[in-house]
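The block underneath contains the structure these notes are about, expressed in structure tokens.
The basis for the numbers below is simple: all heavy atoms, side chains too, and nothing from hydrogens, waters or symmetry mates. Proteins get letters first, then strands, A, B, ... in listed order; numbering begins at 1 in each.
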Number of protein chains: 2
Amino acid sequence: MNLKGLSQILGMSQTTVSRALNGYPEVSEKTRKKILAVAAEHNYSPNVRAKSLATGRTNTIGHVILTGDRHQMINPIFGDFIAGAGEVYSAENYEIALSIVKEADEEKTYRALKTRGTVDGVVLHGPKMNDTRIGLLQELGLPFVVHGRASGIASDYSWLDVNNTRAFQRATEFLIDLGHRRIALFNGFEGMDFAHRRRLGYEKALQAQDIRLDPAIMRSEEMSDSNGYAATQDVLSLPNPPTAILTSSIISAFGVRRAVQDHGLEVGRDVSIITYDDGLSYLANGVDVPIFTATRSSVREAGQLLSQMLIDQINGDVTGPQSKLLEAELTVGQSTGPAPSPK
Amino acid sequence: MNLKGLSQILGMSQTTVSRALNGYPEVSEKTRKKILAVAAEHNYSPNVRAKSLATGRTNTIGHVILTGDRHQMINPIFGDFIAGAGEVYSAENYEIALSIVKEADEEKTYRALKTRGTVDGVVLHGPKMNDTRIGLLQELGLPFVVHGRASGIASDYSWLDVNNTRAFQRATEFLIDLGHRRIALFNGFEGMDFAHRRRLGYEKALQAQDIRLDPAIMRSEEMSDSNGYAATQDVLSLPNPPTAILTSSIISAFGVRRAVQDHGLEVGRDVSIITYDDGLSYLANGVDVPIFTATRSSVREAGQLLSQMLIDQINGDVTGPQSKLLEAELTVGQSTGPAPSPK
DNA sequence: CAAACTTTTCAAAGCGCTTTGGATAGCGCT
DNA sequence: AGCGCTATCCAAAGCGCTTTGAAAAGTTTG
């Protein structure tokens, strides 16, 4: 069933039917009702390809995420993000076009998204330092919002980020206040902007107390459970192991916790753990009592907010770059305690 | 830059240019070369909407996943699945259309996918017992492959599944052989087909040894970390707690492990744990030594295989329903040991 | 060299929708 | 009745591509 057929059944022109269906005022309420009824009866819904060819709008948002050498995997964080965004997309009648590409094909993918007219806009995931994609998207004229920010990019662009520096500074200060002086940092890839900012916060807090940075207890890698485990094994075997570990994801925090226990140490007494918590639904930080002391900001909520920003931008409801900085909240759980007195 | 513009530059008709670009034989190699060169120079790529309007093909696959009351969240398993599928899609030049919908809107979504012509086919995620979506998709004539199977559906359809019954039977037998008689089962939602089959395997193994089923140590719920933790807390507080726990996902297994330890018990000595492992990249079952004894089948690989099946079906490379049953492998890790002798 | 093919190219129709510019009908006026 | 409105409705063009049916060009033949 298409517009033509429908209009023949109704004995009206395609124009009128189309206008009635799309809520244009040039059609009387009476005929609109009739048209709507007949359309529902034959459960007609317009061919989305034809519609977007005619309007130039696609009502779909592109999400391109990297896979390949380093990131052969899709971060579970994406799942919660897109779940949040999906709510907004449904409400606003947008579709999601998901591209999973190798890093080498990334630029090509964005270009294709533009020239092939597949999407109305994209969300840029995982911004890196000096991220070249931002310039590319600006050049292409494809609306976008960055999930995060990119240090080193001078131009104005839309973004939504968590105050990572502040979050990690506060977390570190919290540990320092508990008497910890030797604090490990298990961070994400240093090329990623968020990891950079988190390290800055950590360093700021340490430097304020004249605590020396020690690269031996600082890591920068994929935030998986096994990496958290391995890194913890490593640092706990050092001659002077850390008394506290600050980690960038609850996923790796679980690995850290396991390694601490496998070392025969008690979490919160021998070794304190504090983590960044994205509020992942499948890996919640406990139910009643938090497992970990954590700086928390829901990535699902970020997905909601960001997708709304992008849609507003596409609809022209706002003009010029918008940005939003979320603050993470520090919740105290069972994984932290006063620094053990040196033996 | 569009076809018209390109053909004007070349001084040829759109027909010839289109044919050259799409590899039709009716154009000489010489002109094809020239056309290709000029196309690349102006980096032309065809408008995908117009193309699909003309051909009736969209070259995109729909994935509709549920959110809402029970499943307010996207299972991390989906991330690995789609990562696997994404590789195939890229190679075959397919796009992914992701729909995140509430359960109530699901049927409407599938219908819309068909009538609006958004996709060439869909993959059906998370089949339930007597799943009505299968009949719907058959009625709609939308090509699909089910990730899993649906007990109770008589008609033939394409699917790819793991032999869940066998996997759980083997796992249970493994525990029985170690002397365990009281084995808890932490399963997924009982409405889900895979959970049903897994329970069947578990029961089969127990019944073969005349071990009575005890609903008090059987759970059926979302396989999150916190549910694993809570369920373990529960059963360990029973007057006669289980000596072994069989769980349906590594995510909940991590929660189980934590609860066992928080109970002051040792995993693999006081309580054995065996889990189903989807081989999630961010939650690997250890690196060198497996953390858990597990029945394992990579969901990423399932994604690759299934998407290829679907594409073959869409391309007409195969006719009639295809199916594939994968076997899970049982790997022994540190989480299991002989049943503790009763005190 | 013309006839009979084969190869190469093209004009135009069509995919299903929106939208412009215009026609028609209905209404209250004078 | 005739005028000027506004409220409705419509025919046709156009979005960017594919594809059919036919023409033009090139190649073999007798």
Return the polar atom pairs (N/O with N/O) between nucleotides 22-24 of chain D and the protein under 3.5 Å, or none.
none

Response to the item:
When rounded to whole Å, the CD1 to P distance for the pair A:I35 and C:dT18 reads 12 Å

Practice prompt. Dump the intermediate steps for side chain to side chain contact (heavy atoms under 4.5 Å, CB included) on B:L137 and B:Y157, then the final yes or no.
Written response: CA-CA 10 Å; B:L137 288 172; B:Y157 56 90; over 6 Å; no

Item to complete: Would you please confirm or rule out a distance under 4.0 Å between OP1 or OP2 of D:dC17 and any side-chain N or O of B:Y44?
Response: yes

Fill in: Length of the NZ-C1' vector between B:K4 and C:dC10, whole Å
16 Å

Worksheet item: CD of A:E26 versus C1' of C:dT24: gap in Å, rounded?
Response: 16 Å

Practice prompt. List the steps and the verdict of salt bridge (charged side-chain N to carboxylate O under 4.0 Å, His left out) for A:D193 and A:K128.
Written response: CA-CA 5 Å; A:D193 188 73; A:K128 303 189 258 281; over 6 Å; no

Worksheet item: Would one find a side-chain N or O of A:N2 under 4.0 angstrom from OP1 or OP2 of C:dC15?
Response: no

Discussion item. From CZ of B:R57 over to C1' of D:dG16, roughly how many Å is that when rounded to an integer?
Written reply: 19 Å

Worksheet item: How would you list, by chain and number, every residue that makes a side chain to side chain donor-acceptor pair (under 3.5 Å) with B:Q313, sequence neighbours excluded?
Response: B:S158

Worksheet item: What pairs with B:E92 under side chain to side chain donor-acceptor pair (under 3.5 Å), at least two apart in sequence or on another chain?
Response: B:Q308

Item to complete: Round to a whole Å and report the spacing from CD of B:E29 to C1' of C:dT8.
Response: 13 Å

Fill in: Earlier contact from the 5' end, DNA chain C, for B:V27 and B:T55
B:V27

Worksheet entry | B:T55 and B:S52 side chains, donor-acceptor separation under 3.5 Å | no

Discussion item. If you take any heavy atom closer than 4.0 Å to DNA chain D, which residues from residues 9-18 of chain A end up in contact?
Written reply: A:G11, A:M12, A:S13, A:T15, A:T16

Practice prompt. Write out all pairs satisfying salt bridge (charged side-chain N to carboxylate O under 4.0 Å, His left out) with one or both partners inside residues 41-50 of chain B, taking only residues at least two apart or from two chains.
Written response: none

Worksheet item: By side-chain contact (heavy atoms from CB on, under 4.5 Å), which residues pair with B:I82, not counting sequence neighbours?
Response: A:I74, A:L98, A:I100, B:H63, B:F78, B:I96

Worksheet item: Taking only residues at least two apart or on different chains, which pairs with a member in residues 8-60 of chain B satisfy ring pair (Phe, Tyr, Trp, His ring centres under 6.0 Å)?
Response: none

Worksheet item: Which part of the nucleic acid, if any, lies within reach of B:S52 when heavy atoms closer than 4.0 Å are counted: base, sugar-phosphate only, or nothing?
Response: nothing

Worksheet item: What pairs meet the salt bridge (charged side-chain N to carboxylate O under 4.0 Å, His left out) rule with one or both residues in residues 17-38 of chain B, with sequence neighbours excluded?
Response: B:E29-B:R32

Discussion item. Using a strict heavy-atom distance below 4.0 Å, which residues from residues 108-119 of chain A are in contact with DNA chain D?
Written reply: none

Discussion item. So, does B:Y24 get its side chain near the phosphate of D:dT19, meaning an N or O under 4.0 Å from OP1 or OP2?
Written reply: yes

Worksheet item: Partners of A:E301 by side chain to side chain donor-acceptor pair (under 3.5 Å), sequence neighbours excluded?
Response: none

Discussion item. Which residue is it: A:V48, A:I61, A:V119, A:T60? I am looking for the one with a side chain to side chain contact (heavy atoms under 4.5 Å, CB included) to A:E95.
Written reply: A:T60

Practice prompt. Rounded off to whole Å, could you give me the CG-to-P distance for the B:L3 and D:dG14 pair?
Written response: 18 Å

Worksheet item: Is the shortest side-chain N to carboxylate O distance from B:R133 to B:E107 below 4.0 Å?
Response: no

Fill in: Side-chain H-bond candidate by donor/acceptor type, B:S281 with B:D80, under 3.5 Å
yes

Worksheet item: So does A:N47 get a side-chain nitrogen or oxygen closer than 4.0 Å to the phosphate oxygens (OP1/OP2) of C:dC15?
Response: no

Worksheet item: Just how far, in rounded Å, is C1' of C:dT18 from CG of B:L53?
Response: 12 Å

Worksheet item: Rounding to a whole Å, what distance do you find between B:K30:NZ and C:dT9:C1'?
Response: 13 Å

Worksheet entry | Axis deviation across the helix from C:dC1-D:dG30 to C:dT30-D:dA1, five-pair ends, to the nearest 10° | 50°

Worksheet item: Applying salt bridge (charged side-chain N to carboxylate O under 4.0 Å, His left out), which residue pairs with at least one partner in residues 136-160 of chain A are found, sequence neighbours left out?
Response: A:R111-A:E139, A:R149-A:D161

